[in-house]
Number of protein chains: 2
Amino acid sequence: MKLGDGVEQAIHSMAMLACLEEGSTLSASALAEYHGVSPSYLLKHMQALSSADLVDTVPGPKGGYRLKRKPDDISLLDIVLAVEGPQPAFRCNEIRQRGPNPLPARYFDKPCGIAAKMLAAERVYRAELAKTSITDLMQDLQETDDGAIAARGCAFLDIHERKQVR
Amino acid sequence: MKLGDGVEQAIHSMAMLACLEEGSTLSASALAEYHGVSPSYLLKHMQALSSADLVDTVPGPKGGYRLKRKPDDISLLDIVLAVEGPQPAFRCNEIRQRGPNPLPARYFDKPCGIAAKMLAAERVYRAELAKTSITDLMQDLQETDDGAIAARGCAFLDIHERKQVR
DNA sequence: GTCGGGTTACTCGGATAGTGCTTGTCCGAGTTAATCGGG
DNA sequence: CCCGATTAACTCGGACAAGCACTATCCGAGTAACCCGAC
């Protein structure tokens with residue numbers, strides 16, 4: 001059981017995009033540079049976020065990404081599902097139906113009790129992730145940060161942020 | 001995010017072992033045959049359960065596996081951790097410390113807020129899994145089963161169960 | 001000076017190789033049951 | 001008939017390949033800004 005590294009990158013990137021002014025954008029290469037990761041690889045995950053309608057894309061020079069919704073309306077779950085896919089971690093292969101002397105299929109109309117418990121736990125997991133929004137993350141950071149981390153981010157944004165022209 | 005197929009096999013196998021009489025054993029090859037999976041591969045996971053002290057092994061002819069603890073004392077979490085390993089799914093790579101103009105390490109004494117939220121969700125997930133024991137699984141099955149599934153299992157056990165001799 | 005067209009450079013998007021882990025398999029060490037021989 | 005040593009077969013345990021998903025990368029399509037020339 002392992003989450004891809006792309007999840008972490010995607011969440012940090014979304015948090016960074018939340019710091020932009022209304023309408024401004026930030027390029028994927030800038031996000032990659034700030035986080036010290038491969039630009040090509042981060043781009044891949046940004047595309048996933050784009051497909052999930054979590055970010056808007058602005059093509060051309062001075063283009064980049066920008067949040068499509070308010071930071072309040074974007075949860076950790078949204079990001080995780082966008083990057084990792086919506087499939088649950090546990091897949092029931094119905095091995096109870098295999099083996100010798102199999103029973104008729106009608107005995108297995110009800111879902112497997114084991115799968116039910118596993119998926120129930122996963123629903124709880126997702127519900128917990130859904131409780132946290134990007135805004136919550138920013139607030140948590142502010143409470144522990146004495147200003148240095150925020151200052152570094154702002155300095156970076158001063159250079160790379162593409163402000164909305166019109 | 002994907003759980004290995006071995007988890008499902010391990011849980012079903014543990015449930016089967018719970019149906020044995022006190023002290024009786026069941027070989028890995030029998031478990032594999034009943035579930036229609038590769039014997040060698042299931043054996044691998046049974047070894048993991050053995051390393052985690054969830055099952056006892058009896059070597060030699062008429063040997064096999066048997067639960068080490070009462071079905072009440074074995075939870076889904078125990079099995080999942082034994083097979084998948086204890087590491088959390090989310091690994092924080094501390095990408096907040098990377099990139100240009102890094103800050104001194106002392107600013108990052110506190111764990112990353114994002115990682116904290118992700119791990120918190122995972123704790124909830126594990127807590128939910130810990131709530132369900134093997135016994136609970138058996139009870140859930142009894143409630144939905146009209147007897148056919150249990151009968152098939154018993155018929156198989158009549159052939160393959162190795163009863164305690166002494 | 002202003003407007004328009006063309007060029008250019010930068011962006012994202014999807015298709016393409018490399019790598020690590022899960023999956024799947026095999027053979028060997030160890031142990032017990034059964035067997036066979038002797039008493 | 002009973003007991004014991006030997007044999008043999010069956011078990012698990014760990015070491016060994018194959019497949020797939022994640023990781024990492026590249027090049028192409030598209031677009032907006034910029035520049036240059038004409039008016």
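Here is the naming used below: chain letters follow the sequence lines, and residue numbers restart at 1 for every chain. Treat the numbers as computed from the prediction; the structure is a model and nothing was measured.
Here the side chains of B/Leu26 and B/Leu17 are in contact, with some heavy-atom distance below 4.5 Å. Side-chain contact between A/Arg126 and A/Val80: absent, with no pair of heavy atoms (C-beta onward) separated by less than 4.5 Å. With contacts defined as side-chain heavy-atom distances shorter than 4.5 Å, the pair B/Cys19/B/Glu161 does not qualify.
Remark on the helix from C/dG1-D/dC39 to C/dG39-D/dC1: inter-end axis angle 10°, axes from five-pair C1' superpositions, rounded to 10°.
Put simply, B/Arg162 has no side-chain N or O that comes within less than 4.0 Å of OP1 or OP2 on D/dC10. Between A/Thr57 and C/dG13 there is a side-chain polar atom (N or O) within less than 4.0 angstrom of OP1 or OP2.
Partners of A/Pro39 under the side chain to side chain contact (heavy atoms under 4.5 Å, CB included) rule, at least two apart in sequence or in another chain, are A/Ala32. Scored by the side chain to side chain contact (heavy atoms under 4.5 Å, CB included) test, A/Lys70 finds A/Glu22, A/Asp73 as partners (sequence neighbours excluded). When the salt bridge (Lys or Arg N to Asp or Glu O under 4.0 Å) test is applied to A/Asp140, the partners found at least two apart in sequence or on another chain are B/Lys117. Every residue meeting the salt bridge (Lys or Arg N to Asp or Glu O under 4.0 Å) condition with B/Asp53, not counting sequence neighbours, appears here in chain and number order: B/Lys68.
Legend: salt bridge (charged side-chain N to carboxylate O under 4.0 Å, His left out) pairs involving residues 4-20 of chain A, not counting sequence neighbours: none detected. Applying the side chain to side chain donor-acceptor pair (under 3.5 Å) test to every pair with at least one member in residues 83-106 of chain A, sequence neighbours left out, gives these pairs: A/Gln87-A/Arg91, A/Glu94-A/Arg96, A/Glu94-A/Gln97. Applying the ring pair (Phe, Tyr, Trp, His ring centres under 6.0 Å) test to residues at least two apart or on different chains, the pairs with a partner in residues 120-142 of chain B are A/Tyr125-B/Tyr125.
Environment of NZ in A/Lys62: sparse, with no more than 12 heavy atoms of neighbouring residues, nucleotides or ligands closer than 6.0 Å.
Nucleic acid contact for A/Pro59: sugar-phosphate only, since backbone atoms but no base atoms lie under 4.0 Å from a heavy atom of the residue.
For residues 75-101 of chain B, proximity to DNA chain C is found at no residue, defined as any non-hydrogen atom under 4.0 angstrom from a strand atom. Listed by residue number, A/Ser38, A/Ser40, A/Tyr41, A/Lys44 are the residues of residues 19-50 of chain A with a heavy-atom contact under 4.0 Å to DNA chain D. Listed by residue number, the members of residues 4-18 of chain A with any heavy atom below 4.0 angstrom from DNA chain C form an empty set.
Between the P atom of C/dT11 and the CG atom of A/Asp56 lies a distance of 18 Å, rounded to the nearest Å.
Interatomic distance, A/Met16 CE to A/His35 NE2, rounded to the nearest 0.5 Å: 6.5 Å.
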Please list, pair by pair, any protein nitrogen or oxygen found under 3.5 Å from a nitrogen or oxygen in nucleotides 18-21 of chain C.
none

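The two residues A/Ala28 and A/Leu42 have their closest heavy-atom pair at O-CD2, 3.8 Å.
With hydrogens and angles left out, the side-chain atoms of B/Ser40 and B/Ser38 include no donor and acceptor closer than 3.5 Å.
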Show your working on side chain to side chain contact (heavy atoms under 4.5 Å, CB included) between A/Cys154 and A/Leu157 and close with a plain yes or no. CA-CA 5 Å; A/Cys154 290; A/Leu157 286 182; 5.5 Å; no
